[in-house]
Amino acid sequence: MTVLKTSMRNFFAHKGRMALSAVAVLLSVAFVCGTLVFTDTMNTTFDKLFAATSSDVTVSPKAAKSDNTPQNGRPDSLPASVLERAKKAQGVKYAEGAVSSMNVTVVNSANKNMGSSTGAPTIAGNWTRNDLRSMEITSGHAPRGPTETMVDADTADKHHLKLGDELRTIAVTGDFKARIVGIATFKVTNPGAAVVYFDTATAQRELLGTTGRFTHINLSTATGVTNDTLKQNVISSIGAGAYKVQTQKEYSDENRSGVGSFMDVIKYAMLGFAGIAFLVGIFLIINTFSMLVAQRTREIGLMRAIGSSRKQVNRSVLVEATLLGFFGSILGVGAGVGLAVGLMKLMSAAGMDLSTRDLTVKATTPVIGLVLGVVVTVLAAYLPARRAGKVSPMAALRDAGTPADGKAGLVRGIIGLVLTGAGTFALFTAAGADKASDGSLVLGAGVVLTLIGFVIIGPLLAGGVVRVISAVLLRFFGPVGRMAERNALRNPRRTGATGAALMIGLALVACLSVVGSSMVASATDELDKTVGTDFIIQGNQRIVPQAAKAIETTPGLEHVTHYRDIEAKIVAPDDSSDSDGVTAADPTYAQDLHRKTTAGELTAAYGKDSMSVGSKFATKHHVKLGDTLTVAFKGGSTAKLKVAAITDDNVAIDQGARYLSTETMRKYLPADRIPPDQIMFASAKNGQEKQAYAALKKSMEQYPQYQVRDQSDYKQELKDQIGQLLNMVYGLLALAIVVAVLGVINTLALSVVERTREIGLMRAIGMSRRQLRRMIRLESVVIALFGALLGLGLGMGWGATAQKLLALEGLKVLEIPWPTIIGVFIGSAFVGLFAALIPAFRAGRMNVLNAIATD
């Protein structure tokens, strides 16, 4: 009880000093809890949606996927006769045929895409009784003929659609127009999909290209019949194994699996950044408690002198840490819920609708946040607590401050150097790896070892690095600059730990900047060397035949190349196989993309019953020029194709592609199984590039889902995509930077308290308040630049090693983004200035006489 009382007294006596550490715990816990609440809410939203839209029992084609978008662009379907047989199953209340397709684009009269901008699908189908489970018609009526359609209310609101507006639906079977006669509102949250409905006959004809077929059948159970019982009865009625029969739960689970894997990626990525913030927060907590212990050395010595044991002193500090972790975590859990709501609002503004009605806070979420925050805080405070327990009773007779342990510093230095050396060796080994998959594991080990090593030897590096920075930066500030340098060097362990907090975040920023810039530079370099085509046409939907025809008939083009990925299984002469498929293209593709070969000529691969393979495939499967491969086309027949060329896979574009001609594909695939083009290429007639570009843009105005790009556009798109990804990552890393800034503020604030008497003496002998504030600001800048220098140097080393591995995948150019690196370094100085504002202000306001009298 005495230990608890002492701990409580000390905790609340230093509540101001604990506040910033508590904020670090709060932010880290908030990020973890916010991530869990956000992903759980999204899962709840999709669970409710899938449960509401699924019938009691669903019958679908055996090979149908949850997204129902096969390679030929037409949804898999089953004959209407299956519906008639299913109706006869015992326990059926009602049965109906449904048509649904996600491989469509819907545009308004101005050719503006009505689909979601967040990547959610556009779904077209027929209006059925099952849709009444999840939707209700709130305006107009359901479609009754080929010229009528109905849209969901969310899409109508976003795109200002109203009754009577004309929409054009673009499908692989053709374009067709219809006017809006109804608007239906979701009864559950719609995460952003655009939904359009037609009558059954129109949906069959326009989406499937035929009548008398459905993509699936919805069945409702009669009273007293379970879904599992109905499923067995339906299987008996339509035949076992012929079709896929699923209960509502099975159908929902299948749809949820695709969303679940995507959500897991988001969840673990965000938790990874939360872990980084926790790691940075550990340094802040260690620094806080180390300085508090140092400032209370005499107090602890008195406690030891009057009978307190080492364990009691140790326990007292750990109890303070527990209180800090508890209060910080409690606030963090609440902030996490707020963060999740903020993310939902942000996603809704971007087009993905998420309702706070579905806000899901599982019982485990606050428990995880609380336990994580307390455990991390207590672990971080363990070393300072152990150091406090070692204070002897004789310390009561000395001035405040614990003496440095030279032996401990030597051991620390040796361990740090060993880990740094091992990490450097791992990075060097990774850079020389023959396979990227093997080198990535070694790279990960090198990153971890060098990071830990730099953290441990930070105090050793502080002396030399701070002196260099000071010589360059502080020499212009005279005695004030020299005092700032000495203050930064006074406690190397503290300076090293404070700088390490910034180092971690900036090392990751530098690493990702190098990797991102190298990827863009490598891709640009390869585009310049290998891409011979003038124009590239692609989009978020396979290029439908009518759009392909518009491209082919564009004036001013020398040639147009079709490019399709085909699902196929390839069996090598040694009976080994893979199912990565083949690429069917026109012979002109050899002009559009200049691929080096290690054997044969690529043009020969476009000959009759011929193909090419990549060098990696040839090596793995022992294939050589002239060998015959067995290619089983999905939905078609099996071919025997001769290897006429082996392409060099030391590239980034089309790595591993196996080429064959469009004519060879048509020979072995029936017309209704041939997929639309995934991408198309076009080259202008000599001297007509500008005119052809403008003409292509005009030809594609009717199809806004596709983009026409020349090489400059393509390079800029690539740069923008990588830039957007990096900006998102930088935004998440900003949390770690914020925690690191709090660490600098806390270190300076405690340092000012520690030097109260010294500051009073300096003021007494003539130092002005302005000079005092400047000294503290310069000290902060030096510490921030120390952390930035270590972090940026370490990060560039990681990035350069990662690029060596990327070079094995064809990304061969290493580019250091010096403007970014220099900008971050200069920005770190401003971070230091910002962090010093409050401590400098407090130091300047000290009463001189009171400060001198401080014990």
Side-chain angles (χ1 to χ4, degrees), residues 17 287-288 290-292 294-295 297 399-404 409 458-502 741 743-790 825-826 828-855:
R17 305 178 192 180
N287 253 7
T288 299
S290 294
M291 295 179 73
L292 288 176
Q295 291 170 16
T297 299
D399 289 334
T402 53
L460 296 180
L461 297 174
V465 175
V466 167
R467 284 187 175 87
V468 171
I469 295 174
S470 301
V472 175
L473 183 67
L474 302 185
R475 61 187 301 179
F476 305 105
F477 295 93
V480 172
R482 288 195 296 274
M483 293 181 71
E485 175 188 356
R486 289 172 184 171
N487 285 333
L489 292 172
R490 174 181 295 185
N491 192 328
R493 178 176 292 181
R494 181 193 307 164
T495 300
T498 307
L502 269 176
V741 172
V744 178
I745 295 174
N746 215 19
T747 297
L748 290 174
L750 292 171
S751 178
V752 166
V753 172
E754 184 180 88
R755 305 197 309 255
T756 298
R757 188 177 185 186
E758 175 186 323
I759 290 171
L761 289 171
M762 287 190 293
R763 292 276 288 114
I765 61 175
M767 176 176 274
S768 67
R769 290 184 176 181
R770 183 177 181 182
Q771 288 175 316
L772 177 62
R773 289 195 292 265
R774 180 181 298 167
M775 180 189 73
I776 294 172
R777 287 196 297 267
L778 291 175
E779 179 185 351
S780 178
V781 168
V782 167
I783 293 173
L785 290 180
F786 164 68
L789 198 62
L790 293 187
F825 186 73
I826 294 174
S828 300
F830 287 97
V831 165
L833 285 173
F834 173 78
L837 288 178
I838 296 175
F841 178 74
R842 290 185 63 188
R845 292 186 62 190
M846 281 187 185
N847 181 284
V848 176
L849 294 179
N850 288 340
I852 293 173
T854 299
D855 187 9

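Worth saying up front: this structure is predicted, and the values here are computed from it rather than measured.
- Here T498 pairs with N287, T747 under the side-chain hydrogen bond (donor to acceptor under 3.5 Å, both in side chains) rule; sequence neighbours left out.
- Interatomic distance, M767 CE to R774 CZ, rounded to the nearest 0.5 Å: 10.0 Å.
- Across all non-hydrogen atoms, the minimal contact from A462 to P492 is CB-O, 4.2 Å.
- In this view, A471 satisfies the side chain to side chain contact (heavy atoms under 4.5 Å, CB included) rule with no residue, not counting sequence neighbours.
- Rounded to the nearest 0.5 Å, atoms CG (L772) and CZ (R777) are 9.5 Å apart.
- Every side chain to side chain contact (heavy atoms under 4.5 Å, CB included) that A484 has, sequence neighbours left out, goes to L474, M775, L778, E779.
- Side-chain N or O atoms of R467 include one that pairs as donor or acceptor with a backbone N or O of G463 at under 3.5 Å.
- Note that the CD1 atom of I783 and the CD1 atom of I469 stand 10.5 Å from one another [nearest 0.5 Å].
- The side chain to side chain contact (heavy atoms under 4.5 Å, CB included) test applied to A784 returns L502, not counting sequence neighbours.
- Applying the side-chain hydrogen bond (donor to acceptor under 3.5 Å, both in side chains) test to N487 and every residue at least two apart in sequence or in another chain returns R490.
- In this structure, CG on L461 lies 10.0 Å from CG on L789, to the nearest 0.5 angstrom.
- Taking CZ of R494 as the start and CG of L489 as the end, the distance is 12.0 Å to the nearest 0.5 Å.
- The closest donor-acceptor contact from the side chain of T495 to the backbone of A488 lies under 3.5 Å.
- Crowding of L761 atom CG: a count of heavy atoms from other residues, nucleotides or ligands under 6.0 Å exceeding 12.
- With contacts defined as side-chain heavy-atom distances shorter than 4.5 Å, the pair F830/I826 qualifies.
- Between V831 and V744, the closest side-chain pair of non-hydrogen atoms is not below 4.5 Å.
- Residues G766 and Q771 share a closest heavy-atom pair of O-OE1, 4.1 Å.
- Among all heavy-atom pairs drawn from L785 and F825, the shortest one is CD2-O, 3.4 Å.
- Partners of R769 according to the side chain to side chain contact (heavy atoms under 4.5 Å, CB included) rule, which considers only residues two or more places apart in sequence or in another chain, are R763, R773.
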